[in-house]
There are 2 protein chains.
Amino acid sequence: MASKQQTSRKAAGTRAAIRRPQARAANGRTQGDAGDDIGLDALVGHAGYAVRRFQLWIFQDFIKTLATVDIRPTQYSVMTVIGANPGLSQMAVAKRLGIERARLVHLLDSLEERAFVSRIPSATDRRSHALHLTGPGKTALVQFKRLAAEHERHVADKIGRENREQLLRILACFT
Amino acid sequence: MASKQQTSRKAAGTRAAIRRPQARAANGRTQGDAGDDIGLDALVGHAGYAVRRFQLWIFQDFIKTLATVDIRPTQYSVMTVIGANPGLSQMAVAKRLGIERARLVHLLDSLEERAFVSRIPSATDRRSHALHLTGPGKTALVQFKRLAAEHERHVADKIGRENREQLLRILACFT
DNA sequence: AAAGATTGTTGTTGACGACAACAATTGATG
DNA sequence: CATCAATTGTTGTCGTCAACAACAATCTTT
C-alpha cells in the first residue's frame with residue numbers, strides 16, 4: 001500500500017507526454033468516452049464472461065425482488081432444500097448445494113435467529129444436527145417461493161421464455 | 001458473536017431429544033448422509049441457481065488453466081479490452097466491462113506492476129489516463145488468449161459444443 | 001469566476017469461496 | 001476393549017468481489 005508511488009496523478013504534467021496525436025483505437029474512436037461501441041475482441045467468444053454478466057444481473061434482480069422479505073439467493077436455496085428434505089445434516093446440505101460447511105454455519109445462524117430454521121440434535125449421531133423448518137419458516141418459505149417465481153418471470157422477460165428453458169436444460173448437469 | 005449460546009453442541013445431551021424415531025424425509029432417506037438423491041424442489045426451476053453453479057465451475061477451470069501465467073478472469077477481460085481499444089480511459093473500461101471504477105484501480109495496479117499495462121496521462125484531459133498495453137503486455141496477451149481458448153474447449157467438452165454456442169447466443173445481450 | 005459534473009483514488013462494508021485448525025463424536029482396527 | 005483415523009460442527013483467517021461514500025484534481029457549463 002505504501003509502495004504505490006503514483007507516477008501519474010499528483011505528478012501529472014511533469015512527464016512530457018511525447019506521443020503522436022493519439023494512437024487511434026481499433027475502432028474509429030479517439031478517446032475513451034461514453035461511446036458504447038467498444039469492441040470486446042476475444043471476450044465475445046468466452047462463455048465465462050457472458051455467464052458472469054448474466055449472474056450479476058440475475059442475482060441483483062433476485063435480491064431486489066425479495067428485498068421486502070430480506071432473503072438472499074443462498075439463504076433461499078438453503079431453506080428450499082431443508083424444506084424439501086427435513087432432517088438433513090449440515091454436511092449433507094452443504095455438499096448438495098456446493099456450499100462450504102464453514103459458510104453454512106453462518107447462514108444457518110442467521111436463519112435460526114429469524115426463527116426460520118432450527119437445528120435439532122440428531123438422535124443417532126450426537127455430532128450432527130437434523131435441520132428442520134420451523135412453523136413460521138414453512139409459512140415464510142411459501143411466500144419466498146412466490147416472490148422467487150416472480151423473479152423467474154423477470155428472467156424470462158429478459159432473455160425469452162424459450163431461451164430460459166433451453167438454458168435450464170443446458171445447465172441441468174450442474175444442479 | 002458473543003451472543004450465540006450454542007444450545008446444541010456443548011450442552012448436547014442435556015436436552016432429552018424427545019422425538020419419534022426420525023421424521024422420515026420426503027425421500028426414503030432417514031438421515032442426512034452421503035446419498036446423492038436429495039431433492040432440490042423449487043431450485044431446479046431457477047436459472048439463477050444453475051448459473052451460479054456453472055459460473056463457479058467455469059471460473060475455477062479458467063483460473064486453473066491460466067494458473068501458469070497467474071491471470072484471473074477479470075484481469076484477462078481488462079487486458080483484452082485494452083488490447084482491442086488502446087487509449088481508453090479507466091471509466092470507459094469500467095463501464096464497458098461492468099466493473100466498478102474503484103475496483104479497476106487495483107486491477108490496473110497489479111497489471112501495471114507486472115508491466116503489462118501502462119497508464120499514460122491523457123493529452124486532452126488531465127484527469128484521465130489513456131490505457132495501453134506495453135510491449136511485453138501484448139506478447140503476454142497472445143499467450144493468455146491461447147490458454148483461454150483451451151479453457152473454452154474445456155467448457156465445450158463439459159456442456160457440449162452445440163450447447164455452448166447456444167448459450168453464447170442466449171446470453172449475448174449481456175455482453 | 002462560480003457551481004456542478006466527471007475522473008481517479010482511497011476506504012469501508014458485507015457476501016462469498018477456500019483453507020486450516022479444533023473439540024466432540026463416531027467408526028474401524030488392532 | 002483400547003486406540004487411531006475419519007467425520008461433524010465450529011471458529012478463524014485470507015483473498016476476491018460488488019456496492020457505497022468520500023475526496024482532490026480537473027473539466028464543463030453558465
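Note: hydrogens, waters and symmetry copies are ignored here, and every other heavy atom, side chains too, is used. Every chain is numbered from 1 and lettered A, B, ... according to where its sequence line falls, protein lines coming before strand lines.
Under a 3.5 Å cut-off, the side chain of Gln90(B) and the backbone N or O of His129(B) do not form any donor-acceptor pair. At distances below 3.5 Å, not a single donor-acceptor pair connects side-chain atoms of Thr80(B) with backbone N or O atoms of Ala42(A).
Applying the 4.0 Å criterion to OP1 and OP2 of dA18(C), one finds that Gln60(B) has a side-chain N or O inside that range. Close to dC17(D), at under 4.0 Å from its OP1 or OP2, lies a side-chain N or O of Arg72(B). For Thr74(A) and dC16(C), the shortest distance from a side-chain N or O to OP1 or OP2 is below 4.0 Å.
With DNA chain D read from its 5' end, the first of the two nearest nucleotides for Arg103(B) and Gln90(A) is the one closest to Gln90(A). Between Ala102(B) and Leu108(A), it is Leu108(A) whose nearest contact on DNA chain D lies nearer the 5' terminus. Taking for each of Arg101(A) and Phe59(A) the nucleotide of DNA chain C with the nearest heavy atom, the 5'-most of the two is the partner of Phe59(A).
For the ring-ring contact (aromatic ring centres under 6.0 Å, His included) condition, the pairs that include at least one residue of residues 152-175 of chain B, sequence neighbours left out, are Phe54(A)-Phe174(B), Trp57(A)-Phe174(B).
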Criterion salt bridge (Lys or Arg N to Asp or Glu O under 4.0 Å) on Arg146(B) and Glu150(B), from CA distance to verdict: CA-CA 6 Å; Arg146(B) 248 197 318 268; Glu150(B) 182 185 334; over 6 Å; no
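Nucleotide dC17(D) holds its P atom 13 Å from the CD atom of Gln55(A), rounded to whole Å. Rounded to whole angstrom, the span from the CG atom of Leu131(A) across to the P atom of dG9(D) amounts to 7 Å. One can place CG of Leu104(B) at 11 Å from P of dA18(D), the figure rounded to the nearest angstrom. Atom P of nucleotide dA15(C) and atom CD1 of Ile99(A) are separated by 14 Å, given to the nearest angstrom. For the pair Leu56(A) CG and dA19(D) C1', the interatomic distance rounds to 11 Å; values are reported in whole Å. To the nearest angstrom, P of dC17(D) lies 15 Å from CZ of Arg53(A). For the pair Leu107(B) CG and dG8(C) P, the interatomic distance rounds to 14 Å; values are reported in whole Å. Atom-to-atom, CZ of Arg126(B) to C1' of dA24(D) comes out at 13 Å; the value is rounded to the nearest Å.
The side chain of Val105(B) has dT10(C) as its nearest neighbour among dA18(C), dT10(D), dT10(C).
Arg103(B) CZ to Leu97(B) CG: the interatomic distance, rounded to the nearest 0.5 Å, is 11.5 Å.
Side-chain atoms of Arg127(A) and base atoms of dG9(D) include no donor and acceptor less than 3.5 Å apart.
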